Amino acid sequence: MALPDGEIRLRRPAESDHARLIRVVDDWWGGRRLRHLLPRLWLQHFTGTSWIAETPDGALAGFLIGFISPDDPALGYVHMVATNPNWRRRGLGRQLYGAFADDLGRRGVRGLRAITWAGNRQSIAFHQALGFHVDDGPGTAHVYGVTAYPDYEGDGEDIVVFRRQG
Ligand SMILES: CC(C)(COP(=O)(O)OP(=O)(O)OC[C@H]1O[C@@H](n2cnc3c(N)ncnc32)[C@H](O)[C@@H]1OP(=O)(O)O)[C@@H](O)C(=O)NCCC(=O)NCCS
């Protein structure tokens, strides 16, 4: 079911949103403890390229934390994207990515990058549906039925790297 017009509003996050994001992160990622991936600095220094999605009554429906690569200003990177489990499969994740890509496209970004844990099937399906291709370059291996970088962060975790033009 698509999002009815006007039902969700997108805005830039503020530092004051940090507490409410932290409260939902572990739950929205299915119980994984991931809140350490969202220290306050993301809501201090990356708000100009990130998005919050809210219902008309101000309830949190989703968020996307991303940035323009300081090393390659033609590249946008999505650090975290998630939607409220009650709002999934209604086009909100696509809408958040669309806002991010359109905004960065106007600022000269020509490619997007994101990563996910190799076991995160919904994230892999989602990114592929959005036109991302799975990096299969040197160093990748087939794990969990997907091509991933084993031990990507040196912590034993296998990571899928997504790339998309524009
Ligand atoms: C991944 C996530 C952000 C998708 O959000 P969403 O609002 O449900 O996404 P959309 O409704 O815009 O989905 C767009 C398309 O992606 C694909 N997709 C999304 N979720 C999927 C799933 N669980 N299984 C298969 N395909 C899926 C579908 O093709 C979908 O289009 P369709 O519903 O018309 O078939 C959401 O499931 C989530 O927050 N997951 C937990 C956090 C996470 O893993 N984030 C990504 C890694 S940082």
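Quantities reported herein were computed from a predicted structural model and do not represent experimental measurements. Order of appearance sets the numbers: ligands from 1, and atoms from 1 within every ligand.
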So is there a nitrogen or oxygen of Asn120 less than 3.5 Å from a nitrogen or oxygen in ligand 1?
-> yes
The single option from Leu21, Asn84, Thr55 passing side chain to side chain contact (heavy atoms under 4.5 Å, CB included) against Leu60 | Leu21
Contact check: Gln122 vs ligand 1, nitrogen or oxygen atoms, below 3.5 angstrom | yes
Can you find a protein heavy atom under 4.0 Å from atom 34 (O) of ligand 1?
-> no
Atoms of ligand 1 close to Ser123 [distance to a heavy atom under 4.0 angstrom, numbered from 1] = 44 (O), 46 (C), 47 (C)
Val81, any N or O under 3.5 Å of ligand 1 N or O | yes
4.5 Å side-chain heavy-atom contact, Val134 and Phe162 = yes
Under 4.0 Å from a heavy atom of Trp28: give me the atoms of ligand 1 that qualify, with their elements.
-> 41 (C)
Below 3.5 angstrom, do we get any N/O pair linking Thr116 and ligand 1?
-> no
Any idea which part of Gln95 is under 4.0 Å from ligand 1, heavy-atom wise: side chain, backbone, both or neither?
-> neither
Between Trp87 and Ile8, is any pair of side-chain heavy atoms under 4.5 Å apart?
-> yes
Proximal atoms of ligand 1 relative to Arg90 (non-hydrogen, under 4.0 Å) | 11 (O)
Asp17 bridged to Arg11 by N-O distance under 4.0 Å | yes
For Leu104 and Gly76, the nearest pair of non-hydrogen atoms, with its separation, is CD2-CA, 3.7 Å
How close does the nearest protein non-hydrogen atom get to atom 7 (O) of ligand 1, and which residue and atom is it?
-> Gly93 N, 2.9 Å
For atom 13 (O) of ligand 1, the closest protein heavy atom turns out to be Phe126 CD1, 3.8 Å
Using a strict cut-off of 4.0 Å, indicate which atoms of ligand 1 neighbour a heavy atom of Thr83.
-> 5 (O), 6 (P), 7 (O), 8 (O), 36 (C), 38 (C), 39 (O)
Taking N or O atoms only and a 3.5 Å limit, does Arg88 qualify as a polar contact for ligand 1?
-> yes
So is there a nitrogen or oxygen of Arg94 less than 3.5 Å from a nitrogen or oxygen in ligand 1?
-> yes
Do any nitrogen or oxygen atoms of His79 lie less than 3.5 angstrom from nitrogen or oxygen atoms of ligand 1?
-> no
SB check Asp27 Arg32 (cutoff 4.0 Å) | no
From the candidates Ala61, Ala129, Ala125, the one that places a heavy atom nearest atom 29 (O) of ligand 1 = Ala129
With Asp135 as reference, evaluate Arg113, Arg163, Arg164 under the salt bridge (Lys or Arg N to Asp or Glu O under 4.0 Å) test and give the passing residue.
-> Arg163
Residue and atom name of the nearest protein heavy atom (relative to atom 28 (C) of ligand 1), distance in Å to one decimal | Arg89 NH2, 3.8 Å
for atom 43 (C) of ligand 1, nearest protein heavy atom and its distance come out as Trp29 NE1, 3.4 Å
Proximity of Phe126 and Tyr97 rings by center, below 6.0 Å | yes
In plain terms, say whether Asp102 and Arg106 are close enough for a salt bridge, that is, a side-chain N and a carboxylate O under 4.0 Å apart.
-> no
Quick one: which ligand 1 atoms are inside 4.0 Å of a heavy atom on Gly91?
-> 10 (P), 11 (O), 12 (O)
Got an N/O contact under 3.5 Å between His127 and ligand 1?
-> no
Do Val81 and Phe63 touch side chain to side chain, with heavy atoms closer than 4.5 Å?
-> no
Per the side chain to side chain contact (heavy atoms under 4.5 Å, CB included) rule, which among His127, Gln128, Arg121 passes with Ile124?
-> Gln128
Should the ring pair Trp42 and Phe67 be called parallel, tilted or perpendicular, given that the plane angle runs from 0 to 90° and is split at 30 and 60?
-> tilted
